[in-house]
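Note that ligands are numbered from 1 as they come in the structure, with each ligand's atoms numbered from 1 the same way.
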Amino acid sequence: MVSHLLPYLEKFEEELSRESYLHSSGQKDESESAKIYAEYPHLFSREHITEAFKKINTREGKLLYDAFVGNFMGNELKEVSDEMSSYESSAEIDFEGRKLAFRQASNVLVNEPLREKRKELYESLKPVKHKLTAYEKDLWEKCYALINQLSGKSYLDYVSFVKEVDYDAFAEELKEFLVKTDALHKSQLEKNMASVGVKLEDAMPYDYAFFARAKPFDEFFKKENLVPFAKAFWKGLGFDIDAQKNVVLDVTEREKKVPRAFCMPIKVPEEVILVIKPHGGQDDYQSFLHESGHTEHFANTNPKLSYELKHMGAHSVSETYAFLIEYLMADPLFLQNCLKLPKKAAKDFAEFIMETKLQAFRRYAAKIIYELKLHRTDLTRLDERFEKTSGKYNDASEMYVDILTKATKIKYQPEGYLLDVDGGMYSADYVRAWIFEAMLRKKLLEKFGKDWFQKKEAGDFLKGMWSWGSSGKSCEELAQMIGYGKLDISVLTKDFVDFFLGSMPHS
Ligand SMILES: [Zn+2]
């Protein structure tokens, strides 16, 4: 039996998370996960996988099986992965006569008002991206082969089996959403790009990134106010971060700290780290709120749940809670009450967030459609409605550019065709979470009123849901628990449409 290995698995995964935290928070230059793998050689054998397979008829059993498969693969791929992240963290580019760390470039790019300079910086990133893509290519080839050897399944069949999601049926629903919201999206994008002086037909990823940085709103999102604001908001909902012994807030400035906020659940619920390098601006606030949602979910997980249910499984549940907190930024009342925005600014800013949310949702819907085709090496060309044609794409990068550009109306570039791929169909976890978040928010509004985010009773309601951890209940089971039948994309579609139009455009 493999259950006797659980204590070692727990220790191993804890050490791996800590290593990742230390590396990403800029406290350790090298990523040395290979060293940690070397300390636990007995965990990575094919026999354990065969043993674990016998118990896959229970939720814990299936999670454990997936963990053994995942760790076996991680062990096989550790050298390449380590080399890749060490390369990425040390990579530098030449920009305006100085050296710039690759990981800092996106921060510089979103803050650059001159289009020519944005373009120059974006172009200068390409050699590093090409090298990273070579690593990715190597990793994916090995990954496909390993999954097949270990499970007898193709990559997609394996992920679909473990996560219990029918990706093809899901992709059909998303295609419908993309078509339905296309006209609405186009008019928004035209307006958004015009606001930064760019015509829609010329819009490049670096232009959209600059727009999404939303400099005109900076006065409301000061660097020094971020942490005090977030703590005060959470306190209103009944969570005192300073008093939570299991939550560690890492706000220390370190040169090599990654610019995006992140949450590292080292041991759920006993040690959850929330990391940020505040730089100010709305995107900073948005990502910090998102990560704080993950943090409270993990920190409020019932400690008595099994290790598998606390630490393993699909991410759609946790992403739902992260989105729930993040998209408070699209609520004019939250903006006025908690961030002290004047009424007009709150309305404008909420509209901005909803527009970027629609863009992000469409981008991820397109990623799912693309990733399904990529993993199957299906190069059949798609038409404007994302339906199959008789034509073929020349290669995966052309397919990536075409599908992503159609959905986002931004000219995607071929360099991203592998770097923009989420392992384990994580993109679908996000999309499922966006759908469930709209459903959960609707319930909170019905139960606790418009200012639910300032009520301890709403916090208690969430605590009840959060106690189920990552995998105690699936999105579908949680949806049923709060009074729905199933995950229903129409709630999200209606959310967008009500916000922008009040009625559906006829397209
Ligand atoms: Zn997240």
Identity of the N, O or S atom of Glu319 lying closest to the Zn ion (ligand 1) | OE1

Under 3.5 Å donor-acceptor, Arg260 side chain and Ser287 backbone | no

The Zn ion (ligand 1) to nearest N/O/S of Cys263 less than 2.8 Å | no

Short check: any N/O/S atom of His290 below 2.8 Å from the Zn ion (ligand 1)?
-> yes

Taking atom types as modelled and ignoring hydrogens, do the side chains of Tyr307 and Glu13 form a donor-acceptor contact shorter than 3.5 angstrom?
-> yes

May I ask you to check whether Tyr370 and Asp420 show a side-chain donor-acceptor distance below 3.5 Å?
-> no

Using the six-membered ring of Phe461, assess whether NZ or CZ of Lys455 lies under 6.0 Å from its centre and within 45 degrees of the ring axis.
-> no

